[in-house]
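Data block below; observations after.
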There are 2 protein chains.
Amino acid sequence: MSRSGAGKPTPNIAAVAQGEESPQVSDATLCGFIGYHMKRAFNVVQADLNQTLKPLGLRMVTYSALVLIVDNPGLRQSQLAAALDVERANLVVIVDELERRDLISRDRVPSDRRAYALNPTPAGRHLYERALEAVRGHEARMLNGMEEETKQVVIRAMSRIRRGSEGGSRGG
Amino acid sequence: MSRSGAGKPTPNIAAVAQGEESPQVSDATLCGFIGYHMKRAFNVVQADLNQTLKPLGLRMVTYSALVLIVDNPGLRQSQLAAALDVERANLVVIVDELERRDLISRDRVPSDRRAYALNPTPAGRHLYERALEAVRGHEARMLNGMEEETKQVVIRAMSRIRRGSEGGSRGG
DNA sequence: ATATAACTGTTGTTCTTTATAACTAATAAT
DNA sequence: ATTATTAGTTATAAAGAACAACAGTTATAT
């Protein structure tokens, strides 16, 4: 999960050696690509986020799912799968996990007896608040006082890259 | 590997439905976090990059490994593992793959008979050039005419996030 | 010199994630 | 009514990443 030693007791000897003792390995070519920087940065973010969520018993994907369910009560599993960009089949275990912990409930919808409406329980809403607070701290730690304007530029750039793969006739 | 339909013959029905037919699922809360935008954007980049490299018989990690070996001939596997941020054990199969395709060679180093010096073959250097050209096209496609200044801001922000997890006494 | 520790590459195993196919039940379409 | 499509589920396989343990080699300590 994490190679950055965010919460590890054992320091990564190889990483220390690479960073401070034998810095002769050049990644200059890869540094010419924005995707390389995105990957390296995202690895750090992901590792820290998972460490942040671990005390709450959440992973990145279960956290995202909980947020979307609280923000969109009555959501169907298909919609959630599409929003999370995971296969419906793989979403089942995620929803199972949230349901087993009584964070959400699967409620049958009368109009369509195939579908489940996903709704947060009071415990789910409570954990949602706690998780949100924790993730806000995580982001503040990651950004570490980055200027608001810079943040906005990054967000716009990321959105543009993401939407570039779609039709692209819709303005944002 | 890819859910964005970058090179798939079958259009993702769920994605279309989510994007154009039932846009009622709100991710406003998650959109408040830069990490969310990074993940979504990186998913798109990764999918397109893998599609780009597939005709060359490369994956993201084998491509990165090849680039680092060409740029740092004589590299040891430990160093490569540290640079790629993968376990030494897991790097073995990656190097195996590159060696089996005669893109690199494992040369024993006289001064330390434990270690292998990784060197690119002529075929490796040739594929390196081809891959680099393909990835340049991929990046141009992803960025799609993004202003140079914006790119630099993003790169600096990503570098800052990444280095924030280290000691942080070194300026860049 | 010898014993001990540390390092390099390797193998094997396990866990997790992701993708795929197939299935049941329910709705929609012809 | 028959057929096709959709929602959720199950099972399985493929791929990645984490971890432990090992042989061979080098470094260190006694």
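Scope of the values below: all heavy atoms of this structure, side chains included, with no hydrogens, waters or symmetry mates.
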Rounded to whole angstroms, how far apart are [atom1] on [X] and [atom2] on [N]?
X: I94(A); N: dG8(D); atom1: CD1; atom2: C1'; result: 14 Å
X: D85(B); N: dG16(D); atom1: CG; atom2: P; result: 16 Å
X: R88(A); N: dT10(D); atom1: CZ; atom2: P; result: 14 Å
X: E87(A); N: dA21(C); atom1: CD; atom2: C1'; result: 12 Å
X: Q46(A); N: dT16(C); atom1: CD; atom2: P; result: 15 Å
X: E97(A); N: dC15(C); atom1: CD; atom2: P; result: 16 Å
X: L91(A); N: dT10(D); atom1: CG; atom2: P; result: 13 Å
X: K39(A); N: dA17(D); atom1: NZ; atom2: C1'; result: 11 Å

Would one find a side-chain N or O of [X] under 4.0 angstrom from OP1 or OP2 of [N]?
X: R76(A); N: dG8(D); answer: no
X: Q77(B); N: dT10(C); answer: yes
X: R59(A); N: dT17(C); answer: yes
X: S78(A); N: dG8(D); answer: yes

4.5 Å side-chain heavy-atom contact, [X] and [Y]:
X: T62(B); Y: L98(B); answer: yes
X: R130(A); Y: L127(A); answer: yes
X: Y63(A); Y: L132(A); answer: yes
X: L118(B); Y: R76(B); answer: no

Ignoring hydrogens and angles, tell me if any N or O in the side chain of R141(B) forms a donor-acceptor pair with the backbone of D48(B) under 3.5 Å.
no

Once you apply a heavy-atom cut-off of 4.0 Å, does R106(A) come out as touching a base, just sugar-phosphate, or nothing?
sugar-phosphate

Nucleotide of [options] approaching [X] most closely (side-chain heavy atoms):
X: R114(B); options: dT9(D), dA26(C), dT26(D); result: dT26(D)
X: N90(B); options: dA18(D), dT27(C), dA6(C); result: dA18(D)
X: V92(A); options: dT8(C), dT9(D), dT26(D); result: dT9(D)

Most 5' of R113(A) and V93(A) on DNA chain C, judged by nearest nucleotide
V93(A)

Between V95(B) and A89(A), the residue closer to the 5' end of DNA chain C by nearest nucleotide is V95(B)

